[in-house]
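These notes concern the structure reproduced below.
When reading the values below, keep in mind they use all heavy atoms of this one structure, side chains included, and skip hydrogens, waters and symmetry mates.
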Amino acid sequence: MGFTIGGSRGTKEFRSGVRRRGRTSECTTVAEYTGLWGWDAVPGARAAAPSRDCSCGHTNCVAPGAHPLDFAPTVPGGATLDEVTEIWGEYPGAAILLPVGRTFDLIEVSAEAGRRALVRMERMGLPLGPVTVTPDGRAQFFVAPGAAAELPQLLYRMGWDDADLDLRALGHGAFLTAPPSDHAGLGPAGWLRRPALDCAGGPPQARLLLGTLAYICHRFRR
């Protein structure tokens, strides 16, 4: 994957963009997601505590502070800092949302189960992608696209289809609140495992992580 943030001059140009007029730290963060990791990004609504009223203005909003803004464009993966600034500058203060199902799906478990599973998988030397944690106590493991559709069959093959697991996969149509954006008025999303260049080519296949995640979720339930 080519490094495109801020043009062809690389990391120095990318970092210097923070100081340029009109280029906010928000735009810089979005440009890291698009230019360095190749992910699409969408401006999202915000929800203000304590009432968590959504900035979309709809009184019956079903996902306050956790959905894309109406008519907001997608900033495509590969977009430079200049391109991000031009688009994102129209949506100051928007949450950064990453569309799921394009370059990655997610396997979501409880945050505590996710932390325990992550330690175990690192000790086992399993391939890993990024892992986020939400303020409402969920851990989300990046896996290759298609995991959401394959999950029932994968669990069946591994013998976990009848188990009561606090585990689900998110695919096309879902959105991830990208750190450090606020998630649903509850606080900022964070990283349990940050993106890294060694996994920039794509997250691992779900089958490589699912056995460990299911086992830890099962033990955690008990």
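Considering all non-hydrogen atoms of both residues, A184 and A47 come closest at C-CB, 3.8 Å. Closest approach of P135 and P188 over heavy atoms only: CD-O, 3.8 Å. Counting all heavy atoms, side chain and backbone alike, A144 lies closest to P203 at N-CG, 3.7 Å. In terms of heavy atoms, G114 sits closest to A139 at CA-CB, 4.0 Å. Residue A41 comes nearest to V30 through the heavy atom pair CB-CG1, 4.0 Å, listed as atom of the first residue, atom of the second, then distance. Among all heavy-atom pairs drawn from C54 and A45, the shortest one is SG-CB, 3.6 Å.
Side-chain contact between L197 and L36: present, with at least one pair of heavy atoms (C-beta onward) separated by less than 4.5 Å. Looking at heavy atoms from C-beta onward, R207 lies out of side-chain contact with R157 at the 4.5 angstrom threshold. Using a 4.5 Å heavy-atom threshold, the side chains of P127 and L208 count as touching. Counting heavy atoms from C-beta outward, R115 and L192 have side chains that approach closer than 4.5 Å. Proximity of Y91 to L69: side-chain heavy atoms (C-beta onward) are separated by under 4.5 Å at one or more points. Residues W160 and L165 form a side-chain contact, since some pair of their non-hydrogen atoms from C-beta on lies under 4.5 Å apart. Here the side chains of V133 and W191 are not in contact, with every heavy-atom distance at 4.5 Å or above. For the pair T34/T80, no side-chain contact is recorded, criterion being any heavy-atom separation below 4.5 Å from C-beta on.
One distance of note links CZ of F141 with CG of L210; it measures 11.0 Å at 0.5 Å rounding. Rounding to the nearest 0.5 Å gives a distance of 11.5 Å between CD1 of I96 and CH2 of W39. Atom CG of D161 and atom CG of L154 lie 11.5 Å apart (nearest 0.5 Å). W88 CH2 to T29 OG1: the interatomic distance, rounded to the nearest 0.5 Å, is 10.0 Å. Atom-to-atom distance recorded for S181:OG and L97:CG is 7.0 Å, nearest 0.5 angstrom. Rounded to the nearest 0.5 angstrom, T177 OG1 and H67 NE2 are separated by 11.0 Å.
One N or O on the side chain of R46 and one on the backbone of G93 form a donor-acceptor pair closer than 3.5 Å. Formation of a donor-acceptor pair under 3.5 Å by the D105 side chain with backbone atoms of A148 is found in this model. Panel note: side chain D40, backbone G77; a donor-acceptor pair is recorded below 3.5 Å.
Follow the hydrophobic side-chain contacts under 4.5 Å out from L170 and you never reach F175; the two are in separate clusters. Grouping the Ile, Leu, Val, Met, Phe, Trp and Tyr side chains by contacts below 4.5 angstrom, directly or via other members, places Y33 apart from V42. A continuous path of Ile, Leu, Val, Met, Phe, Trp and Tyr side chains, each step under 4.5 Å between heavy atoms, connects M124 with M158, placing both in one hydrophobic cluster. Hydrophobic cluster membership is shared by V109 and M121, with clusters built from Ile, Leu, Val, Met, Phe, Trp and Tyr side chains linked at under 4.5 angstrom.
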Test side chain to side chain contact (heavy atoms under 4.5 Å, CB included) on T85 and E26; report intermediate values, then the result. CA-CA 9 Å; T85 300; E26 188 177 86; over 6 Å; no

H183/D136 under side chain to side chain contact (heavy atoms under 4.5 Å, CB included): CA gap, chis, key distance, verdict: CA-CA 9 Å; H183 176 72; D136 56 347; 4.1 Å; yes

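Applying the side chain to side chain donor-acceptor pair (under 3.5 Å) test to every pair with at least one member in residues 116-132, sequence neighbours left out, gives these pairs: E112-R116, T132-Q140.
F142 pairs with exactly one of I107, V131, L106, L209 by the side-chain contact (heavy atoms from CB on, under 4.5 Å) rule, that one being L106.
Taking the six-membered ring for Trp and the full ring otherwise, the centers of F104 and W37 sit at least 6.0 Å from each other.
Comment: D166 engages R138 in a salt bridge, judged by a side-chain N to carboxylate O separation of less than 4.0 angstrom.
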